[in-house]
Peer 1: 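Below is the structure I would like to discuss, written out as structure tokens.
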Amino acid sequence: EERLGELYEVRRRLEPYVLVRAAAFIQPEQLSGYIERLHRAMDLYPDMDSSQFDDLESDLHIETLGRCPNRQMLQILRRTHSLLLSGKHILLDKSYFPDEEPFFREHLSIFEHLQAGNADLAAQCMEEHLVIAERKVKQRLAHFREHNRVTAVPYLERFTRWRAVR
């Protein structure tokens, strides 16, 4: 859970800035497509499969941010992509499926601000989205731990002990 918090901190600090830098390089047609996909997802939810969640997360956190001209910033953000994967798998645990869609309105707000030419407001919404996302992931993780038994894996235990010694 400590690593989770650290990775979200990196995302909260970098993604809004990277979004502002990327804004000038995002085509209006791309934004329209992302907005349309989110509207379709809102209509479909919760009857969605994992590839649809992947696409929606990728639209913002991979494709849009990937327009940033600073390759080093993007390289640093790649270290946080494990959060996208783990969050999706916990979300797709059907025993814990939120009544409310998970992030669609937050992403929609960001894209709509970009479409209106207001990158600073989009960045502010991005930071708020990441605060909300971290809280939701921690809640899902707690629910997952409460309702599932996770078997210890010996090689990970050795790695954890090794890491603690360093």
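Please read all numbers here as calculations on a predicted model, not as lab measurements. We're numbering straight along the sequence, starting at 1.
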Peer 1: Do the non-hydrogen side-chain atoms of R37 and Q52 ever get within less than 4.5 Å of each other?
Peer 2: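 Counting from C-beta outward, R37 and Q52 never come under 4.5 Å.
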Peer 1: Show, in sequence, the C-alpha distance, side-chain angles and deciding distance for L60 and M126, and conclude whether the side-chain contact (heavy atoms from CB on, under 4.5 Å) test is met.
Peer 2: CA-CA 10 Å; L60 178 59; M126 173 72 89; 3.8 Å; yes
Peer 1: For the CD1 atom of I35 and the CZ atom of R40, what is their distance to the nearest 0.5 Å?
Peer 2: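 So the CD1 of I35 and the CZ of R40 are separated by 12.5 Å.
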Peer 1: I need the minimum non-hydrogen distance between S82 and R3, along with the two atoms involved.
Peer 2: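 Between these two residues, the closest heavy atoms are OG-NH1, 3.9 Å.
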Peer 1: Measure the shortest side-chain to side-chain distance between H113 and C125 over non-hydrogen atoms and say whether it is less than 4.5 angstrom.
Peer 2: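 The answer is yes, as the side chains (C-beta and beyond) meet within the 4.5 Å cut-off.
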Peer 1: What pair of heavy atoms forms the shortest contact from G66 to R71, and how long is it?
Peer 2: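 It is O-NH2, 3.2 Å.
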Peer 1: Is the shortest side-chain heavy-atom distance between R21 and P69 below 4.5 Å?
Peer 2: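 Answer yes - side chains close enough.
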Peer 1: Testing the basics here: between L65 and L74, what is the closest heavy-atom pair and its distance to 0.1 Å?
Peer 2: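 Answer, listing the atom of L65 first, then L74: O-CD2, 3.2 Å.
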Peer 1: Any heavy-atom pair between the side chains of Q75 and R78 that's under 4.5 Å?
Peer 2: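 In contact.
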Peer 1: Give the C-alpha distance, both sets of side-chain angles, the deciding distance and a yes or no for side-chain contact (heavy atoms from CB on, under 4.5 Å) between I110 and L121.
Peer 2: CA-CA 8 Å; I110 293 164; L121 197 50; over 6 Å; no
Peer 1: Counting only N and O atoms by type, is there a donor-acceptor contact under 3.5 Å from the side chain of T64 to the main-chain atoms of D59?
Peer 2: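 The answer is yes, because a donor-acceptor pair under 3.5 Å joins these two groups.
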Peer 1: Nearest 0.5 Å, what's the CG-CG distance between L77 and L7?
Peer 2: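 The CG atom of L7 is 10.5 Å from CG of L77, to the nearest 0.5 Å.
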Peer 1: Taking all atoms of both residues into account, what is the closest heavy-atom pair of A119 and V20, and its distance?
Peer 2: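 Smallest heavy-atom distance, with atoms named: O-CG2, 3.7 Å.
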Peer 1: Could you tell me the separation between the CD atom of E9 and the CG atom of L4, rounded to the nearest 0.5 Å?
Peer 2: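 E9 CD to L4 CG: 12.0 Å, rounded to 0.5 Å.
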Peer 1: For a 4.5 angstrom cut-off between non-hydrogen side-chain atoms, does V137 reach Y8?
Peer 2: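 With C-beta onward as the side chain, the pair touches.
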Peer 1: Are H107 and H61 near enough that their ring centres are under 6.0 Å apart?
Peer 2: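 Ring centres of H61 and H107 closer than 6.0 Å.
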Peer 1: For M73 and Y17, work out which heavy atoms get closest and say how close.
Peer 2: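 Answer, listing the atom of M73 first, then Y17: CE-CE2, 3.5 Å.
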Peer 1: Stepwise, does the side-chain contact (heavy atoms from CB on, under 4.5 Å) test hold for E112 with L108?
Peer 2: CA-CA 6 Å; E112 286 175 342; L108 183 61; 3.6 Å; yes
Peer 1: Any chance you could measure L14, atom CG, to R79, atom CZ, to the nearest 0.5 Å?
Peer 2: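 Those atoms lie 12.0 Å apart.
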Peer 1: I'd like to know whether CZ of R135 has more than 12 heavy-atom contacts from other residues, nucleotides or ligands below 6.0 angstrom.
Peer 2: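 Atom CZ in R135 is crowded, with more than 12 foreign heavy atoms closer than 6.0 Å.
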Peer 1: Is any side-chain N of the basic residue among E134 and R11 closer than 4.0 Å to the acidic one's carboxylate O?
Peer 2: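 Salt bridge between E134 and R11, a charged N being under 4.0 Å from a carboxylate O: no.
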Peer 1: Under 4.5 Å between side-chain heavy atoms, counting indirect links through other Ile/Leu/Val/Met/Phe/Trp/Tyr residues: same cluster for F25 and L31 or not?
Peer 2: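 No, separate clusters.
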Peer 1: Distance from R67 atom CZ to L114 atom CG, nearest 0.5 Å?
Peer 2: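 The CZ atom of R67 sits 12.5 Å away from the CG atom of L114.
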Peer 1: Using the side-chain contact (heavy atoms from CB on, under 4.5 Å) rule, take L56 and M48 through it: C-alpha gap first, then chi angles, then the decisive distance, then the call.
Peer 2: CA-CA 11 Å; L56 294 169; M48 298 175 64; 3.7 Å; yes
Peer 1: If the threshold is 4.0 Å, N to carboxylate O, is there a salt bridge linking E106 and K136?
Peer 2: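 A salt bridge links E106 with K136.
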Peer 1: Identify the residue among F103, Y34, F104 that makes a ring-ring contact (aromatic ring centres under 6.0 Å, His included) with F111.
Peer 2: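 Only match with F111 under ring-ring contact (aromatic ring centres under 6.0 Å, His included): Y34.
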Peer 1: Check for a donor-acceptor pair, side chain of D120 on one end and backbone N or O of A123 on the other, with a separation under 3.5 Å.
Peer 2: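 No.
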Peer 1: Please check: side-chain N/O of S109 versus main-chain N/O of R105, any donor-acceptor pairing under 3.5 Å?
Peer 2: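 No; zero donor-acceptor contacts below 3.5 Å.
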Peer 1: Which atom names give the shortest non-hydrogen contact between P102 and Y45, and what distance separates them?
Peer 2: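 P102 and Y45 have their closest heavy atoms at CD-CE1, 3.4 Å.
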Peer 1: Does the E57 side chain pair with the main chain of D54, one donor and one acceptor, at a distance under 3.5 Å?
Peer 2: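 Pair absent, no side-chain N/O of E57 close to backbone of D54.
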Peer 1: So, do E15 and L130 sit near enough that their side-chain heavy atoms are less than 4.5 Å apart?
Peer 2: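 Side-chain contact under 4.5 Å: yes.
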